[in-house]
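Because the structure is predicted, anything quoted here is derived from the model rather than measured. First the proteins, then the strands, lettered A, B, ... as listed; each starts at 1.
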Number of protein chains: 2
Amino acid sequence: MMAPDDVHPVSLRCGDCPIRHRAVCARCESDELEQLEEIKYYRSFEAGQTVVWSGDKMDFVASVVSGIATLTQTMEDGRTQMVGLLLPSDFVGRPGRECAAYNVTATTDLMMCCFRKKPFEDMMGRTPHIAQRLLEMTLDELDAAREWMLLLGRKTAREKIASLLSIIARRDAAVQMRAAHGRMTFDLPLTREAMADYLGLTLETVSRQMSALKRDGVIELEGKRHVTVPDMDRLMEEAGDDSDGGFLV
Amino acid sequence: MMAPDDVHPVSLRCGDCPIRHRAVCARCESDELEQLEEIKYYRSFEAGQTVVWSGDKMDFVASVVSGIATLTQTMEDGRTQMVGLLLPSDFVGRPGRECAAYNVTATTDLMMCCFRKKPFEDMMGRTPHIAQRLLEMTLDELDAAREWMLLLGRKTAREKIASLLSIIARRDAAVQMRAAHGRMTFDLPLTREAMADYLGLTLETVSRQMSALKRDGVIELEGKRHVTVPDMDRLMEEAGDDSDGGFLV
DNA sequence: TGGCTTTCTTGATTTGTGTCAATTTCTGTT
DNA sequence: AACAGAAATTGACACAAATCAAGAAAGCCA
């Protein structure tokens, strides 16, 4: 899921930025990082605010510093589908593209570290490693999107919920550098409605299935958002999922 | 959907290969094309044959020369979801990845032009334009996958069918360099079962909705596979889709 | 041409999820 | 502590799509 440092370059801090930008390759030497420093700026958003609308001109690329943002697609009649979840260090934006392809919305208070697109692209042209790093990240996202297609097209509501919970649990484990086995505890970063938009369900169905998983002892709930999974293997079985979980992370 | 030549480099023929490889950038001069020539070879498959299994080692990248291949994901119990459709000139394979992420299957007789992965990667390292071209293609695929997520998660069976038909019609138009308006005619390259796997439906539902669209005059059918659309705008309305159709192409 | 298989269509019935509506629980504010 | 608004739960019912089951049409090969 994530290669160790000696196998492949990983993200790097640039200047005073509190996060490691996954788009920036550790093999690229300080010259490039100093260039980044010059073209970067910060923007913050309140929970619920829209970062960009689908189709709008987007003259920057960015990393999430803190908070959570979602990528959503919407139909004219209001049906919406979440197509991606942005967590700290995640990258957003398309070098070589004028316009945003999705709505980007802050679901919590959000801080982003932005780079003006043109100079960023110029740097990419001069720095093959960054282009390759970005290609690799995009391929990861593509894999994640396609795994999600299987979920959306073929899984039952219960399996969908179990899949989402297991992904969030494993991402949490990864952040804390722990293995994702046995008993685990975490907070849901999403409302029931956001979960529904992610899974292609209604919020009522999400709620019902959460209750069912609780009733069946697959999860325990403390309040609405704090989840503990007594047995991760059981949960992953419920998810109907043999994958190692390279999901939308 | 596809930028004109003067805006961005497009695909190019290399040597005797009958197709334009979309992965190869026209800005890259003949040196690189000659290098490609040295590392390329052809493989052919019969309809129904598997090109690679998910998880298998895949030591090449390739372009489709002729025929159609599908990318599918499968669950242990056999539920399958198609996650991509490969048409002539489409690229498959992941520079920087060891293993295939999906099953690749020939749905018709298939000819592929393959490049051994290592030398291809080396060339990418030396030729920034190719890496950038590949990044752009991958971003296109990502957009397509995400548009498909909206379809899988939120569209009705009828809308799904209409979407698929309109995509195929528009791709056909693009290949023949015609506008996709008014009356259009094309052959379905997929069985009802493949359509179902693509759309997250059963083949019975696909059949029923095809009949319904026919009954309602949205499409005309001659045999099972030959479709004519009297009015493309009507079809796109049925698809519930305001997009300009940058789909899995 | 005739049989054979595969692909597709159509019907009857079941089931999972959506819809609508009422209530409860949580969270933040004064 | 009490209230207000948001978020979540639960129930009753409706409906779209799945499932089960025949049968028809198309393609293929002898």
For [X], report the nucleic acid contact type (base, sugar-phosphate, nothing); a contact means any heavy atom under 4.0 Å.
| X | answer |
| --- | --- |
| A/Ser211 | sugar-phosphate |
| A/Leu201 | sugar-phosphate |
| B/Arg225 | sugar-phosphate |
| B/Gly48 | nothing |

Could you check how far [atom1] of [X] sits from [atom2] of [N], rounded to whole Å?
| X | N | atom1 | atom2 | result |
| --- | --- | --- | --- | --- |
| A/Gln209 | C/dT17 | CD | P | 6 Å |
| B/Glu159 | D/dA16 | CD | P | 12 Å |
| A/Lys155 | D/dA17 | NZ | C1' | 20 Å |
| B/Leu203 | D/dA21 | CG | C1' | 13 Å |
| A/Glu204 | C/dA22 | CD | P | 14 Å |
| B/Met210 | D/dA26 | CE | C1' | 15 Å |
| B/Lys224 | D/dA24 | NZ | P | 12 Å |
| B/Leu221 | D/dA25 | CG | P | 15 Å |

Check this one for me: any side-chain N or O of A/Thr202 less than 4.0 Å away from OP1 or OP2 of C/dG18? yes
Tell me whether B/Asn103 contacts the main-chain N or O of B/Ser54 through its side chain, where contact means a donor paired with an acceptor under 3.5 Å. yes
Do side-chain atoms of A/Arg43 reach the backbone of A/Met112 as a donor and acceptor pair under 3.5 angstrom? no
Between B/Val206 and A/Gly223, whichever has its closest DNA chain D nucleotide further toward 5' is A/Gly223
For the side chain of B/Arg215 and the base of C/dT9, is some donor closer than 3.5 Å to an acceptor across the two? no
Assess whether one donor atom and one acceptor atom, taken from the side chain of B/Arg208 and the base of C/dG11, lie less than 3.5 Å apart. yes
Check whether the side chains of A/Ser163 and A/Ser166 place a donor and an acceptor atom closer than 3.5 Å, and report yes or no. no
Is any side-chain N of the basic residue among B/Glu141 and A/Arg146 closer than 4.0 Å to the acidic one's carboxylate O? yes
Between B/Glu220 and B/Lys214, does at least one N-O distance fall below 4.0 Å, as a salt bridge requires? no
Other residues, nucleotides, ligands: >12 heavy atoms within 6.0 Å of B/Glu222 CD: no
Are A/Arg170 and A/Phe186 in a cation-pi setup, meaning NZ or CZ lies under 6.0 angstrom from the ring centre and within 45 degrees of the ring axis? no
Here the residues of residues 186-194 of chain B within 4.0 Å heavy-atom distance, strictly under, of DNA chain D are none
